[in-house]
Amino acid sequence: NGSSVPVEYIDHIKNIDSSLYQKTDISPLKLYTGVEKSPVTIAGTSWSLTRPNKLIHLPSYTSTTTNFDKSIGFASVDDTTQHHESIHHGIIEPNSKHVIELNFKHPIRDAVSMVKHSVHKDEEEILLGRGHQFVLHHRPTEITHPDFDGKVYVWKAQTDFRPVNRKKLY
């Protein structure tokens, strides 16, 4: 958000950064992350028929999983997005959940499996480092899931390997 990182966090950030694999040979890979609200809310009017996809930037560490069902459990119920219907996104219902499916066509970089380090091994967590970029498709897939009463929207995103300006934190 533009503010400086408190000095007491810098050693933690260095430790996490040193644990990330700069490059792996894992490819292709599909990871999932549950999000707080619809990407429509965040993108606003910048999506249109002439710009059907949106570039999303994940500036901080991002917890992801290889387990789709777990990602739904970690997604928050979006109670801020209003009923939305458009030719771009289809119908987005309020009080739903949103999951982003992150597709890596090339070997994943700046990531580490947390399975060995976690007491919750069933989460199948992969921690992504700071500064990943994806091209987010404008139209989600709407599903129903037995673990959630409402709608679940799955947004597909593809890796984008354009240079990323990572903010130097230390």
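By convention here, the first residue in the shown sequence is residue 1.
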Which atoms form the tightest heavy-atom contact between T159 and F104, and what is the distance? CG2-CD2, 3.1 Å
Would you compute the distance between atom CH2 of W155 and atom CD1 of I100 and round it to the nearest 0.5 angstrom? 8.5 Å
What is the ring orientation for F134 with H132, classed by angle as parallel under 30°, tilted 30 to 60°, or perpendicular over 60°? parallel
Listed partners of F74 passing ring-ring contact (aromatic ring centres under 6.0 Å, His included), at least two apart: none
Take R130 and T62 through the side-chain contact (heavy atoms from CB on, under 4.5 Å) test and state the conclusion after the steps. CA-CA 7 Å; R130 301 176 286 118; T62 303; over 6 Å; no
Per the salt bridge (Lys or Arg N to Asp or Glu O under 4.0 Å) rule, what does the pair list look like for residues 56-65, sequence neighbours excluded? none
For E101, what residues pass the side chain to side chain contact (heavy atoms under 4.5 Å, CB included) criterion, not counting sequence neighbours? K30, Y32, N103, V154, K156
I'd like to know if the side chain of S19 reaches the main chain of N15, judged simply by a donor and an acceptor atom lying under 3.5 Å from each other, with no hydrogens or angles considered. yes
Could you work out, with side chain to side chain contact (heavy atoms under 4.5 Å, CB included) as the rule, every residue matching L127, not counting sequence neighbours? I16, Y61, V112, M114, E125
For the backbone of L102 and the side chain of T33, can you confirm whether one donor and one acceptor N or O come within less than 3.5 Å of each other? no
K70 to E123 - nearest heavy-atom pair and separation: CG-CA, 4.2 Å
Those residues that, when tested against S76, pass side chain to side chain donor-acceptor pair (under 3.5 Å) (two or more places apart): none
Closest contact, heavy atoms only, G34 versus A75: CA-CB, 3.7 Å
Only counting residues at least two apart or in another chain, list the ones meeting side chain to side chain contact (heavy atoms under 4.5 Å, CB included) with S60. none
What I want to check is whether the side chains of E124 and T66 have a donor and an acceptor closer together than 3.5 Å. yes
T80 side chain to D78 side chain, donor-acceptor N/O pair below 3.5 angstrom: yes
Verdict with reasoning, K37 to D79, per salt bridge (charged side-chain N to carboxylate O under 4.0 Å, His left out): CA-CA 8 Å; K37 56 182 140 184; D79 58 0; over 6 Å; no
For S96, check side chain to side chain donor-acceptor pair (under 3.5 Å) against everything at least two apart and list the hits. H98
More than 12 heavy atoms of other residues, nucleotides or ligands under 6.0 Å from CG of D149: yes or no? no
Nearest heavy-atom contact between S71 and V99 is OG-CG1, 3.5 Å
Considering residues at least two apart in sequence or located in another chain, which fulfil the side chain to side chain contact (heavy atoms under 4.5 Å, CB included) criterion with A111? I108, I126, L128
S38 and I92 have their tightest heavy-atom pair at OG-CG2, 4.1 Å
Verdict with supporting geometry, H138 and K54, side-chain contact (heavy atoms from CB on, under 4.5 Å): CA-CA 7 Å; H138 68 284; K54 180 86 174 148; over 6 Å; no
Donor-acceptor pair, Y153 side chain versus R139 backbone, under 3.5 Å? no
Report yes if some heavy atom in the side chain of K97 is under 4.5 Å from a heavy atom in the side chain of V77; otherwise report no. yes
Listed pairs under 3.5 Å, donor-acceptor, residues 141-148 side chains, sequence neighbours left out:
residue: E142; atom: OE2; partner: K151; partner atom: NZ; Å: 3.0
residue: H145; atom: ND1; partner: D147; partner atom: N; Å: 3.1
residue: H145; atom: NE2; partner: D69; partner atom: OD1; Å: 2.7

